[in-house]
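A short write-up of the structure that comes next.
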2 protein chains.
Amino acid sequence: MVKAADRAKNPARSSVWLENKDGRAARSGGGPAGLDRDRIVAASIRILDEEGLAKLSMRKLATDLGVTAMSLYWYVDTKDDIIEYAVDTVYGEIDLAVVDAAGDWRQQIRELALQYRRMLVRHPWMSPSAGQYLNIGPHAIAVGSKIQETIRATGLPLDRLPSTMSAVFQFVYGYGTIEAQFGRRAAEAGMSQDDFYGEALKAFRDEPQFVEALEPMAELLDERASHDSVTVIWDRDFEYALDILIAGIEVMVQRHA
Amino acid sequence: MVKAADRAKNPARSSVWLENKDGRAARSGGGPAGLDRDRIVAASIRILDEEGLAKLSMRKLATDLGVTAMSLYWYVDTKDDIIEYAVDTVYGEIDLAVVDAAGDWRQQIRELALQYRRMLVRHPWMSPSAGQYLNIGPHAIAVGSKIQETIRATGLPLDRLPSTMSAVFQFVYGYGTIEAQFGRRAAEAGMSQDDFYGEALKAFRDEPQFVEALEPMAELLDERASHDSVTVIWDRDFEYALDILIAGIEVMVQRHA
DNA sequence: AGAGTCCTTGTACGGTGTACGAGTCACGTT
DNA sequence: AACGTGACTCGTACACCGTACAAGGACTCT
C-alpha cells in the first residue's frame with residue numbers, strides 16, 4: 001500500500017489503475033467486518049448519489065458500513081482513490097450491448113452519447129470527479145474502446161480518430177455537466193427544475209445590466225420555457241447538437257473519400 | 001449580508017450575482033487594512049493558479065493579504081463566493097475585441113473557442129469551479145453574449161441557437177477540462193507533459209487487460225507521441241474538431257436556407 | 001464628549017483526511 | 001497444544017478546515 005503523502009510524485013501513482021496491485025482486496029468479505037473494496041465503493045456511490053460529493057466523508061462512509069474510518073484505509077490509500085473507483089464503476093452503467101444493436105454509426109453515436117449524458121445527469125458528482133482523473137479504469141476503457149470503434153466505422157482516416165472522438169464526447173461531457181449541476185442546484189433549493197429555472201430567470205431580469213446583454217435571446221428563452229419543461233427543451237437541444245456533430249462528421253467522411 | 005447557513009434555500013442566492021447588493025464593498029480600500037473585494041479576488045486567483053484549488057483556504061488567503069481569516073467575511077459570505085467571483089474575473093480574460101476583428105463567423109468561432117480553451121488551460125481550477133455555478137457574472141455574460149452573436153451570424157433560425165452554442169462551447173469546455181487536468185497532474189508530479197504522458201503510457205502498457213482494449217489505436221498513439229509534443233498534438237486535434245463542428249453548422253445553414 | 005458606523009480580530013466549535021501503534025482474530029506449522 | 005504470522009480493525013491524535021459569535025478599535029459626525 002502507498003501512503004497518501006507519497007502519492008502524486010510518481011505518475012504510475014496518478015491513478016489507482018496504474019499501481020502495482022498486491023491483490024489484498026481481491027478476496028471478498030474475508031475480514032471480521034465483512035469489508036471489501038466493492039462494498040466500500042458501492043456504499044460511497046450510494047452516499048454520493050443521495051447526498052452529494054461534499055457530504056462524502058470517510059467517517060460517514062465508515063459508519064454506513066458499520067466500521068471505523070480507519071478500517072477503510074486497509075482497502076484504499078486515500079479518499080480520492082475511492083472516488084476514482086466509484087467513477088469507473090459508474091462508467092460501467094453504460095450499456096454497450098445496446099449500442100452494438102443500434103444500427104449504423106450515426107445511430108450508435110447517438111445511443112452512446114445519450115447513455116453517457118444520462119449517466120452524468122443521474123450522478124451529478126460524476127462530471128466534477130471524472131474530470132480529475134485519467135479515467136483509465138476497466139469500464140472507462142471499455143467505453144472509450146466502444147467510442148473508438150464506433151467512430152472508426154465512419155471510415156475516417158486513423159489520424160482523425162482522436163479529434164472526432166473529442167468533438168462528440170467532450171461535447172457530451174460538457175452538456176451533461178451543465179445539466180447535472182443545474183439539477184443539483186435545483187434539488188438543493190428544494191424546487192423542481194422548472195421552478196428553479198423560472199425563479200432564476202426572474203431574479204436575473206431584475207439586474208438591468210444583464211437584460212440588454214442577452215436581450216436578443218430573451219423572447220426565445222421565455223417562449224421555450226413557457227411551452228415546455230426545461231428537461232424537454234434540453235433533450236431537444238441535445239439532439240439538435242448531435243445533428244450538427246454528425247453532419248460535420250459526414251462532411252469529413254465525404255471529403256476524405 | 002447573508003449567513004452561509006441560509007444559502008442554498010433561495011434560488012436568488014444560488015449566485016452572488018443574484019443577491020441584493022448593499023454596495024458595501026463598492027468603496028475600495030476604505031478600511032484600515034486596505035482590504036477590498038477586488039484585492040481578495042485577485043489574491044485568490046494568484047493562489048489558485050500557483051497552488052491549485054485544494055490549497056486555497058481562508059486562512060492562507062488572509063495571511064497573503066496580511067489579515068485574519070475572519071476579516072474576509074466582511075466582503076464575502078462564504079469561501080464559495082470568492083471562487084464564484086474569481087471564475088467571473090477570469091472569464092474577463094477572454095479578449096472579445098480580437099474576436100470582433102476576426103472575419104466571418106467561422107473565424108470568430110475559432111478565435112472564441114481558442115481563447116476559451118487557453119483560458120481553461122491557463123487556470124486549471126476553472127473547469128471544476130465554473131461547472132459548479134450558473135456563470136452569470138458580468139464577464140461570463142459578456143462572453144455568452146458574444147458567443148450568441150457569433151452563432152447568430154451564421155443565419156441559423158433562432159430556435160437553433162442554444163443547441164448550436166452548446167455544440168461548440170460545451171465541446172471546448174470538455175476539451176479544455178481534459179487538457180487542464182492533465183497539465184495539473186503532470187505539474188504535481190514535477191514532470192513535463194511529454195514525460196508524464198510517456199510514463200503513464202508505459203505504465204499503462206504493463207496492464208494486459210488494457211492493451212487489447214485500445215490496441216487498434218496503439219500504433220497511432222505511439223507514432224503521434226514520438227513525433228510531436230503532446231501539446232502540439234492537442235492543438236492540432238482541437239483544430240480538427242473545430243473543423244467538424246463548423247462543417248456541421250454549415251450543413252445546417254444550407255439545409256435551412 | 002458621545003454616538004454610530006465601518007471594519008478587524010480572538011476565540012471557539014464541529015467538522016475533515018489520515019499517520020501511527022496497539023489490538024484482535026483465524027490459521028498453518030511445529 | 002503452543003506459537004508465530006499474517007490479515008484486519010480500532011482508538012487516539014494531529015493539523016487543518018470553514019465559519020458563528022461577540023468584542024474591540026478607529027474614524028466621522030453631531
Side-chain angles (χ1 to χ4, degrees), chain A residues 1-8 13 16 21-40 43-44 47-48 51-84 129 132, chain B residues 1-8 13 16 21-40 43-44 47-48 51-84 129 132:
Chain A
M1 251 11 188
V2 183
K3 259 185 256 171
D6 295 340
R7 286 303 204 77
R13 293 271 156 70
V16 294
K21 298 165 191 60
D22 50 18
R24 187 190 293 131
R27 92 197 58 181
S28 70
L35 225 49
D36 176 299
R37 194 159 67 206
D38 286 349
R39 282 196 58 210
I40 293 175
S44 51
I47 295 176
L48 288 165
E51 316 197 31
L53 192 52
K55 288 291 187 56
L56 180 70
S57 79
M58 296 301 271
R59 294 190 231 275
K60 179 182 200 72
L61 178 55
T63 305
D64 273 26
L65 288 164
V67 227
T68 331
M70 289 314 291
S71 301
L72 305 174
Y73 286 91
W74 181 254
Y75 302 92
V76 131
D77 290 346
T78 69
K79 178 189 173 184
D80 236 51
D81 286 1
I82 296 181
I83 298 179
E84 194 176 359
S129 303
Q132 288 195 345
Chain B
M1 256 2 192
V2 183
K3 260 185 256 171
D6 295 341
R7 286 303 204 76
R13 294 268 156 72
V16 293
K21 298 164 192 60
D22 50 18
R24 186 189 295 131
R27 91 196 60 180
S28 70
L35 225 48
D36 177 300
R37 194 160 66 208
D38 286 348
R39 283 196 58 211
I40 293 175
S44 52
I47 295 175
L48 287 165
E51 315 198 33
L53 191 52
K55 288 290 186 57
L56 179 70
S57 79
M58 296 302 272
R59 291 182 232 266
K60 178 181 199 76
L61 177 55
T63 305
D64 273 26
L65 289 163
V67 220
T68 334
M70 289 314 292
S71 302
L72 306 174
Y73 285 93
W74 181 254
Y75 303 91
V76 131
D77 289 348
T78 69
K79 178 190 175 185
D80 236 51
D81 286 1
I82 296 181
I83 298 180
E84 195 175 359
S129 302
Q132 286 194 348

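Sequence lines set the chain letters: A, B, ... in the order given, protein chains first and strands last, and positions in each chain run from 1.
Closest approach of B/Asp36 to B/Asp38, counting heavy atoms only: OD1-N, 2.6 Å. Smallest separation of non-hydrogen atoms from A/Tyr73 and A/Thr78: CE2-CA, 4.2 Å.
Between B/Trp74 and C/dC7 there is a side-chain polar atom (N or O) within less than 4.0 angstrom of OP1 or OP2. Contact between the side-chain N/O atoms of B/Ser71 and the OP1/OP2 oxygens of C/dT8 is not found at any separation under 4.0 Å. Regarding contacts with the backbone of D/dT9, a side-chain N or O of A/Tyr75 is found under 4.0 angstrom from either OP1 or OP2.
Distance A/Leu72 CG to C/dT16 P: 13 Å, rounded to the nearest Å. When rounded to the nearest whole Å, the span between CD1 of A/Ile82 and C1' of C/dT16 equals 14 Å. Taking atom CZ on B/Arg39 and atom P on C/dC7, their separation rounds to 14 Å, with Å as the unit. Summarising the geometry, the separation between CG on A/Leu61 and C1' on C/dT16 is reported as 14 Å, rounded to the nearest angstrom. A straight line from CG of B/Asp36 to C1' of C/dT8 spans 15 Å, rounded to a whole angstrom.
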When the side chains of residues 53-67 of chain A are checked against the rest of the protein, which donor-acceptor pairs come out under 3.5 Å, sequence neighbours left out?
{"from": "A/Ser57", "atom 1": "OG", "to": "A/Lys60", "atom 2": "N", "distance (Å)": "3.1"}
{"from": "A/Thr63", "atom 1": "OG1", "to": "A/Arg59", "atom 2": "O", "distance (Å)": "2.7"}

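Partners of A/Asp80 according to the side chain to side chain donor-acceptor pair (under 3.5 Å) rule, which considers only residues two or more places apart in sequence or in another chain, are A/Tyr133.
Rounded to the nearest 0.5 Å, atoms CD1 (B/Ile82) and CG (B/Asp77) are 10.0 Å apart. Taking CG of B/Leu72 as the start and CE of B/Met70 as the end, the distance is 8.5 Å to the nearest 0.5 Å.
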When you check every protein heavy atom under 4.0 Å of nucleotides 17-25 of chain D, what one-letter string (B, S, -) results, 5' to 3'?
BBBBB----
